[in-house]
Amino acid sequence: MTEPEPSTTPPRIHLSPPDVTDVERKLLLEAFDSNWVAPAGPDLDAFEARCAELVGVRHAVALSSGTAALHLALIAAGVRRGDTVLVPSFTFAATANAVMYLGARPVFLDSTPDSWNVDPQIVADELRGRAVRGHLPRAVVAVDMYGQCADYQPIVEACDRYGVPLVEDAAEALGATYRGRPAGSFGLAGVLSFNGNKIVTTGGGGMLVTDDGSVAEQVRYLSTQAREPVPHYEHRTVGYNYRLSNLLAAVGRGQLQRLPRLIEARRATFEHYRAALGDLPGIRFLPVAAYGVPNWWLTCLLIEKDDFGVDRDDVLGALRDANIEGRPTWKPMHLQPAFRDCVMRGGPVAAGLFHRGLCLPSGSALTAHDRDRVVAAVRGAATGKRG
Ligand SMILES: *Cc1c(COP(=O)(O)O)cnc(C)c1O
């Protein structure tokens, strides 16, 4: 028996859409009605306090984006024009862009296949080599890729040995842990993002988290146009307008209340995909390192054409035909025209992840029916049957 052709295209399944409810709506309207419609207010204070508590640090400064938080974290780390900053190549461009804003240069480092995060051995080797030549970088940035922490023990050890500050780009990793310690709590400062596609969203926003009171103070000051505490407008340095709105912080407060459920939903999706696709030859899921627990932001996998039969782009095509949004994994920074003049250290891991890697729809509001459609599209691609 053949099913009749559906007369309309099935509804679009997005990669990681916002998941907001009456909890967020109520808090947003309360903030609105209180007239705290400004980049200041009680929701902002409460949102910061809760983030600091979740990450297990003393201070949090809410900012307009994760990119703004990276920019200010690098300033706090002392990065200036002409400096060098070590950055993983396999990341979203924002990590490297923030280095460029300061007139500094990223040196890109390759990933380890074990977690797709920066290879700690390459971090240590690069620092040792630069120490010998007397050219230490001003800072190291580590990224917690797709919601899984980098391997911080050896990275922190290497940074400490040479006295180089570490910044943790935990934009994708709120709620993950490394050896029991929360993502965002490593190094001089951590960076969170509340962009629309992240596990917790404010519709756009970010946060700098730190244990260092002077870093928090400096970042707060720089994010509010570097105004001196005098009655007139006095500025001793150039500042930025980087504070988060109180209205958006209200949305963020609601999201944080639901964070355990948001993580659980994404974990269940990962488990489902692994159970439903894991038997196919040529599929390799992003490995879960034994040192921590991810927040399962996105389920990612590699398609090995020789075993799977078709390549990653064919699978993306099959998803597209079924009105499902899949994405290739990040294109490494050393392959981006914007960074063509930058140095790359290490082997071909990041490039290989990009050419074979695929992110599947992983939103926390994904239904069982949505998951089945995704699985059917991927399995269909393997057997050459599309749609
Ligand atoms: C999303 C993201 C950022 C940037 O955050 P925005 O809030 O979008 O500015 C930075 N780094 C990584 C790894 C990200 O995924």
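Read the numbers this way: they start at 1 and go in the same order the structure lists the ligands and their atoms. Predicted, not measured: the structure shown is a model, and the values here were computed from it. The chain is numbered in sequence order, starting from 1.
Taking Ile, Leu, Val, Met, Phe, Trp and Tyr as hydrophobic and joining them when side-chain heavy atoms fall under 4.5 Å apart, one finds Leu166 in a cluster with Leu86, Val107, Leu109, Val118, Ile122, Val123, Leu127, Leu136, Val140, Tyr152, Ile155, Val156, Tyr162, Val164, Tyr178, Phe186, Tyr291, Val343.
Using a 4.0 Å heavy-atom criterion, the residues that approach ligand 1 are Ser65, Gly66, Thr67, Leu70, Thr91, Phe92, Ala94, Thr95, Val143, Asp169, Ala171, Glu172, Ser193, Asn195, Lys198, Gly205.
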Legend entry - Arg50 vs Glu53, salt bridge (Lys or Arg N to Asp or Glu O under 4.0 Å): CA-CA, chis, key distance, verdict: CA-CA 5 Å; Arg50 186 66 186 126; Glu53 188 180 12; 3.0 Å; yes
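At a cut-off of 3.5 Å, with distance as the only test, a side-chain donor of Tyr221 or Glu228 sits close to an acceptor on the other residue. Side-chain contact of Asp212 with Thr210: a donor-acceptor pair under 3.5 Å is absent, judged by distance alone.
Salt bridge status for Arg266 with Glu172: absent, with no side-chain N to carboxylate O gap under 4.0 Å.
Taking 4.5 Å as the limit, every side-chain heavy atom of Arg12 sits out of range of all side-chain heavy atoms of Ile324.
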